[in-house]
Asker: 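Quick one: the structure is below, and I'll ask about it shortly.
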Amino acid sequence: PTTMSVIVGTCHYYDDSAPAAHIYIYTLADGTLTLEHTLDSVRNPQFLAFNKGHLYAVCDAVAGTGPSPAVSATSGAVVSYKWDPAAKTLQFVGSQDTCGRHPCYVSTDAAGAHAFVANYTGSSVAVFPVLADGALGPASDSKYHPGIFDPALADRQECAHPHAIRLDPFAHKWVLVPDLGLDTLFVYEWIPAHGAVAGAINAARHFRFPAGWGPRHIEFHPSLPIVYVLHELSAHVSVLALDPATGHLSSLQDIFGLPEGVAPNRNHHMGSADIHTAHGGRVICVTNRTDATVVAFTVDDKGLLTFASRESTRGKIPRNFLVTPDGTIVLTNQDSKKLAVLHV
């Protein structure tokens with residue numbers, strides 16, 4: 001059975017006047033979560049990343065209410081904390097402006113030398129150096145995503161919406177950014193010596209999906225050079241082969257993640273939320289908000305997917321989740337304000 005600390009961020013979406021949401025620290029043991037501490041010094045921590053004893057949180061901070069008074073009303077913050085595993089507490093280290101509004105994703109490289117942030121309504125991504133004490137320095141690079149948009153899809157694709165950002169674990173050479181607003185998986189070259197991402201907005205290696213699919217999150221196969229792309233608006237999972245030498249992507253499979261006949265929860269929005277591997281890459285799991293389920297796909301030796309099971313998330317509007325090494329899933333249900341512990 002898994003025994004570990006679980007750190008959960010909560011937020012009020014796009015409501016800067018709402019009371020600040022918090023970070024909650026739990027102990028997971030024998031499938032049960034026990035609350036240890038609550039951290040209330042950060043406003044609306046939307047996404048968390050952990051590396052080398054430090055936690056990084058992106059939040060919808062506004063002037064005077066966020067963790068740093070330097071954060072403006074037109075940008076968010078990425079906040080650094082030091083983790084004390086014995087006390088199960090977080091100590092504030094510092095924060096930086098994210099170079100864009102409503103940051104929704106943060107990740108780090110494997111060495112813990114840089115952090116990457118995607119700004120949803122800011123239509124931008126940014127890179128930050130990690131300093132010796134775990135704090136982040138000012139952004140070393142940023143990229144803005146312009147675009148031309150279809151008025152028929154303007155309810156969710158009125159502008160570029162970078163929704164995640166991750167460094168490939170195979171060559172450590174490519175930074176991948178799924179942009180929900182542009183139906184594109186951007187592939188930037190990573191230049192660690194300068195903390196920079198390189199590539200024109202129209203570079204040939206960026207991968208375009210069908211209009212209205214809305215790529216949201218990505219996951220990597222643990223041993224094959226394969227990228228799994230979860231589309232929020234269409235509920236598809238795309239399986240792409242990545243050439244580690246060139247960054248070129250090629251399509252292997254598209255598979256639908258909802259039962260046939262399920263209606264979208266609103267126009268052009270099927271509501272898929274998060275994607276992760278389980279059991280050493282033998283399973284891919286996806287959360288869907290429309291029917292409040294977590295779906296498991298088996299993965300064959302070529303990385304292709306076959307539907308395996310669908311289970312209720314025991315709440316309303318499931319969003320992000322984590323998978324432990326033994327297949328325990330801890331997931332968040334937004335509208336019912338509940339956590340759930342499942343097993344895959």
Side-chain angles (χ1 to χ4, degrees), residues 11-18 44 46-47 58-63 66 71-78 96-107 116-128 139 141-166 175-188 197-218 229-236 238 249 264-274 289 317 319-320 334:
C11 68
H12 298 286
Y13 277 95
Y14 312 126
D15 183 359
D16 292 330
S17 65
N44 288 354
Q46 290 213 38
F47 201 90
V58 288
C59 42
D60 293 345
V62 294
V71 175
S72 73
T74 59
S75 190
V78 55
Q96 291 290 342
D97 186 303
T98 62
C99 307
R101 190 147 174 78
H102 294 128
C104 63
Y105 200 96
V106 58
S107 63
F116 308 91
V117 170
N119 295 299
Y120 183 80
T121 57
S123 302
S124 65
V125 297
V127 184
F128 301 85
D141 195 17
S142 63
K143 281 280 189 293
Y144 175 74
H145 287 184
I148 299 173
F149 305 95
D150 182 351
L153 302 174
D155 55 332
R156 286 304 307 279
Q157 295 182 306
E158 77 292 349
C159 66
H161 288 308
H163 216 307
I165 179 168
R166 294 184 64 181
V175 173
L176 280 66
V177 180
D179 193 308
L180 183 149
L182 294 176
D183 291 314
T184 299
L185 179 58
F186 288 91
V187 183
Y188 293 112
V197 290
I201 197 72
N202 60 349
R205 65 171 171 262
H206 304 323
F207 192 91
R208 274 74 180 181
F209 297 102
W213 278 32
R216 176 184 171 95
H217 282 179
I218 60 174
V229 184
L230 179 65
H231 300 276
E232 176 177 338
L233 305 187
S234 73
H236 287 86
S238 294
L249 293 163
N265 59 10
R266 66 180 187 267
N267 194 31
H268 304 130
H269 189 265
M270 298 303 290
S272 295
D274 201 12
R289 285 170 280 186
I317 311 296
R319 296 186 71 90
N320 300 328
Q334 175 187 316

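Just so you know, these numbers use all the heavy atoms, side chains as well, and skip hydrogens, waters and symmetry mates.
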Asker: With sequence neighbours left out, write down each residue that passes side chain to side chain contact (heavy atoms under 4.5 Å, CB included) with Ser123, or none if nothing qualifies.
Answerer: Tyr144, Cys159, Ala160
Asker: Determine, step by step, whether Val229 and Trp213 satisfy the side chain to side chain contact (heavy atoms under 4.5 Å, CB included) criterion, reporting the C-alpha distance in whole Å, the side-chain angles of both residues, the deciding distance to 0.1 Å, and the verdict.
Answerer: CA-CA 11 Å; Val229 184; Trp213 278 32; over 6 Å; no
Asker: Is the side chain of Arg166 donor-acceptor paired with the backbone N or O of Ile218 at a distance under 3.5 Å, no angle test?
Answerer: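 Flag set: sc Arg166 to bb Ile218 pair under 3.5 Å.
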Asker: Kindly say whether Ser272 contributes a backbone atom to a donor-acceptor pair with the side chain of Arg289 at under 3.5 angstrom?
Answerer: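 Answer holds: yes.
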Asker: Can you sort out the partners of Tyr105 under side chain to side chain donor-acceptor pair (under 3.5 Å), two or more places apart, ordered by chain and number?
Answerer: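 For Tyr105 there are no side chain to side chain donor-acceptor pair (under 3.5 Å) partners, ignoring immediate neighbours.
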Asker: Are Phe116 and Val175 side-chain neighbours, meaning at least one heavy-atom pair lies under 4.5 Å?
Answerer: yes
Asker: Quick one, Leu176 with Phe186, criterion side chain to side chain contact (heavy atoms under 4.5 Å, CB included). Give me CA distance, side-chain angles, the key distance, then yes/no.
Answerer: CA-CA 6 Å; Leu176 280 66; Phe186 288 91; over 6 Å; no
Asker: Using the side chain to side chain donor-acceptor pair (under 3.5 Å) criterion, which residues pair with Asp179? Sequence neighbours excluded.
Answerer: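 For Asp179, the residues satisfying side chain to side chain donor-acceptor pair (under 3.5 Å) (neighbours in sequence not counted) are His145.
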Asker: Backbone N or O of Ala273 within a donor-acceptor pair of the Arg216 side chain at under 3.5 Å?
Answerer: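 Judged by distance alone, yes, a pair lies under 3.5 Å.
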Asker: Just so I know, are the side chains of Val177 and Tyr188 near enough to count as touching, which here means a heavy-atom distance under 4.5 Å?
Answerer: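 The answer is yes, as the side chains (C-beta and beyond) meet within the 4.5 Å cut-off.
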Asker: Any sub-3.5 Å donor-acceptor pair from Asp141's side-chain atoms to Val127's backbone N or O?
Answerer: no
Asker: Looking only at heavy atoms, which two atoms of Ala118 and Val125 are closest? And how far apart?
Answerer: CA-CG1, 4.1 Å
Asker: Ser238: which residues meet the side chain to side chain donor-acceptor pair (under 3.5 Å) condition with it, sequence neighbours left out?
Answerer: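 Result, side chain to side chain donor-acceptor pair (under 3.5 Å) vs Ser238: His231, Asp254.
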Asker: For Val187 and Leu249, run side chain to side chain contact (heavy atoms under 4.5 Å, CB included): C-alpha distance rounded to whole Å, both residues' side-chain angles, the deciding distance at 0.1 Å, then the answer.
Answerer: CA-CA 9 Å; Val187 183; Leu249 293 163; 3.6 Å; yes
Asker: Main chain of Gly100, side chain of Thr98: is a donor-acceptor contact present, judged purely on distance under 3.5 Å?
Answerer: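 Yes.
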Asker: Is it the case that the side chain of Asp183 and the backbone of Gly212 share a donor-acceptor pair, with hydrogens and angles ignored and the cut-off at 3.5 Å?
Answerer: yes
Asker: With sequence neighbours left out, what residues match Ala152 under side chain to side chain contact (heavy atoms under 4.5 Å, CB included)?
Answerer: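 Partners of Ala152 under the side chain to side chain contact (heavy atoms under 4.5 Å, CB included) test: Asp150.
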Asker: Quick one: side chain to side chain contact (heavy atoms under 4.5 Å, CB included) partners of Arg156, sequence neighbours excluded?
Answerer: Tyr120, Leu180, Glu232, Leu233, Arg266, His269
Asker: Could you tell me whether a side-chain N or O of His206 sits under 3.5 Å from a main-chain N or O of Ala200, the two making a donor and an acceptor?
Answerer: yes
Asker: Has the side chain of Lys143 got a donor or acceptor atom that lies under 3.5 Å from a matching backbone atom of Ser124?
Answerer: no
Asker: Is any side-chain heavy atom of Val58 less than 4.5 Å from a side-chain heavy atom of Cys104?
Answerer: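 Sidechains of Cys104 and Val58: no contact.
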Asker: What's the verdict on side chain to side chain contact (heavy atoms under 4.5 Å, CB included) for Thr184 and Phe209, showing C-alpha distance, side-chain angles and the deciding distance?
Answerer: CA-CA 6 Å; Thr184 299; Phe209 297 102; 5.8 Å; no
